[in-house]
Protein chains: 2
Amino acid sequence: MDDILRPSPLSAADKKRLDDLYAMIEREAATFIGYPCSAIFDYRALYPFLSHPINNVGDPFVPSNFHLNTHVFEREVLEIFGELTHIPADAFWGYITNGGTEGNMYGIFLGRELFPDGVVYYSEDTHYSVSKILRCLHVRNIMIKSQPDGRIDLEDLRETIRIHRDLPPIIFANVGTTMRGAVDDLVGIRQILDDLAVHRSYIHADAALSGMILPFVDDPQPWDFRAGLDSISISGHKMIGSPMPCGVCLAKKVYVDRIARSIEYVGTLDTTILGSRSAITPLFLWYAFRTVGLEGFRRRIKYCFEVADYAVAELGRIGRNAWRHANSVTVVFDRPAPEVISKWQLAVQNAIAHVITMPHVTRERIDCLVADVARASSVALGAKGNA
Amino acid sequence: MDDILRPSPLSAADKKRLDDLYAMIEREAATFIGYPCSAIFDYRALYPFLSHPINNVGDPFVPSNFHLNTHVFEREVLEIFGELTHIPADAFWGYITNGGTEGNMYGIFLGRELFPDGVVYYSEDTHYSVSKILRCLHVRNIMIKSQPDGRIDLEDLRETIRIHRDLPPIIFANVGTTMRGAVDDLVGIRQILDDLAVHRSYIHADAALSGMILPFVDDPQPWDFRAGLDSISISGHKMIGSPMPCGVCLAKKVYVDRIARSIEYVGTLDTTILGSRSAITPLFLWYAFRTVGLEGFRRRIKYCFEVADYAVAELGRIGRNAWRHANSVTVVFDRPAPEVISKWQLAVQNAIAHVITMPHVTRERIDCLVADVARASSVALGAKGNA
């Protein structure tokens, strides 16, 4: 390197700032049990790739003049997800995204392109980012009531679609809601469409977390392409784990081809939403599948369920109304005191909170959480008693 | 870690695949001169952060319950870009994106939210991804002719806006086009809006590459918030350099506040397009500014210009009509033979190609390219002579 290009070393003050940041992250990682991101991953073997300007620009299935890419590994990851979601390799198209939102945006975009007069239906338990996507994409949409357990209310859905039978429904289904881990009843949804003789429809599933759980359980709720999905978004930084957000989006190839054809005038088969795309996250996901493996993920998820059951029992023991859905690692319980929420980085909504027993969450951490919850409630009770 | 969670080591065959990929990337890096991505960066000091599930979810200016974030460093990077683009710290909002496309999408989204009946005007030299964004966002748009040098044709723009004077114009300006590095004439554009008494308008600039060049030159074309911009997108993986795509998007805060207020019903100030966001790219950019520094970037860009001039001279010497715009590192020349395009990963469009003299591109590499171009043309001439 020419000397005039050479950077200076970091100053001691800046070095200290980074060290402090790292210490904070290590400290907070010890109480990281409220978000669905696994902390168990180790991609050090791949760090050498971070010394090059690698980039998976464009469609992973189309050769690129930008040679510093990992498209081959990206396609392998997509094939694995094709198998996990039960769609033949020649029937899907997909790519690795920057996270769940991008995959959900792609799915709704695809649905809207196929049915420009379509109406998106989604439950009130849907992640708040979906409202933003719907606004971005300028698509007509109606929020449907949820049942108390977090699943979409089928009666409300049926009556609402009935009123708009002239407009193709685009169903945004939750395969694991953010707060309660509820899986929308896809069989019931298909039944409604059949009952109302709706033949033009589209179903996208947001399977951010559960898309990497349900392939590994014995009795999954119907959730994948066999259940009638047209597209699905699954996060990579959640059950698999990654230091930066990522995910996969898969869709039926016949739809994507129809869109790709119609934008051919731009002179490229540029079917992804963003142009330049990370080339390192495909390597991370590939590496996880080759080292943890499908059997390893099955073991991890069994372990997560055991810890979830333990959390339900322990929180129940101190009277906090804890429960979880079948095949879910999201343990819902009564909202605790603010200091407990902050210390354990818990996501809360109205009267409930959840802990998510990802692979790094041990019984010991649950014990500490339960002790804190119990202590904070007794302090609150004590304060009330004194008032 | 519980033993049942432990991954297996990578198999020898998989290890070899990674080694082969790495060797390919090292080999191709030697001829990487056609894309605007610097290969000179070294973030090894930050790799320890990659062992945690860090995530800058949501708005960088709003405290989050997700504590494993680098929002503080993200805000510092944004402040630096605020200074470079000449907007006071209290007058802008912004965030670190996954690359130029996301920033452009945000800018057009903002313009459309402010002017739902607006029409987007953009030149035919605009990056192809913009057509996709416009389609995604469902916004009315008109492509304007370019001048031969790549800048937007002001006469065509004036006449087209005149026809649609009842609809607010949303100008998508190129501050450095992809193929020719042309900077649209923002003074001329403002003049047209003034001449036509258009008082409701919006200007977004795609300054993917030049947004990190023009702050460091003595005589920049008007390009930043002082030139009347409402928002701007600048890439981080281009002049700064990064192993994964990233960028910044800045917009006038008053506009963002108006949007944020109107989506408050979703219960969060979630103003970014994607929810989960990388926490490592803000650290990379921060680190680059603290080690290369603003003076270092000024030196780098001077160096890039010198190599660009050298490339113009050498390609000119062999009769390839080479030229570049003022303050541009994009050297345009006659499209060479296919084997040269592939070997040097050159971007081409019709009769032209370009080489982009990023900091890693040396005079020696230019010599090799020129020799290859000369050899391929003489072979072609020889073949023609024989035919």
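Residue numbers start from 1 in every chain, and the chains themselves are labelled A, B, ... in the order their sequence lines are given, proteins ahead of strands. Small disclaimer: the values here were computed from a predicted structure and weren't measured.
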Against chain B, label [X] side chain, backbone, both or neither, depending on which of its atoms sit under 4.5 Å from a heavy atom there.
X         : answer
Asp14(A)  : both
Leu18(A)  : both
Ser242(A) : backbone

Under 4.5 Å heavy-atom distance to chain A, tell me which part of Phe73(B) shows up: side chain, backbone, both or neither.
-> side chain
Please state whether the side chain, the backbone, both or neither of Ile133(B) comes within less than 4.5 Å of a heavy atom of chain A.
-> neither
Begin from the C-alpha positions of Asn65(B) and Tyr35(A) and carry the test side chain to side chain contact (heavy atoms under 4.5 Å, CB included) through to its verdict.
-> CA-CA 10 Å; Asn65(B) 243 9; Tyr35(A) 288 91; 3.4 Å; yes
Would a distance-only check, ignoring hydrogens and angles, find a side-chain to backbone donor-acceptor pair under 3.5 Å from [X] to [Y]?
X         : Y         : answer
Arg135(B) : Glu113(A) : no
Arg112(A) : Cys136(B) : yes
Gln345(B) : Phe66(A)  : no

Take Glu26(A) and His52(B) through the test side chain to side chain donor-acceptor pair (under 3.5 Å) and record every step on the way to the result.
-> CA-CA 8 Å; Glu26(A) 290 249 288; His52(B) 290 288; 2.9 Å; yes
Should Arg277(B) and Met244(A) count as side-chain neighbours, where that means a heavy-atom distance under 4.5 Å?
-> no
What are the two closest non-hydrogen atoms of Ile25(B) and Leu68(A), and how far apart are they?
-> O-CD2, 3.6 Å
For each of Cys37(A), Ser51(A), Gly296(A), tally heavy-atom pairs with chain B at distances under 4.5 Å, and name the one with the top tally.
-> Ser51(A)
Based on non-hydrogen pairs under 4.5 Å, which of Pro53(B), Gly100(B), Ala279(B) is most in contact with chain A?
-> Pro53(B)
Identify which of Leu50(B), Thr101(B), Asp2(B) forms the greatest number of heavy-atom pairs closer than 4.5 Å to chain A.
-> Leu50(B)
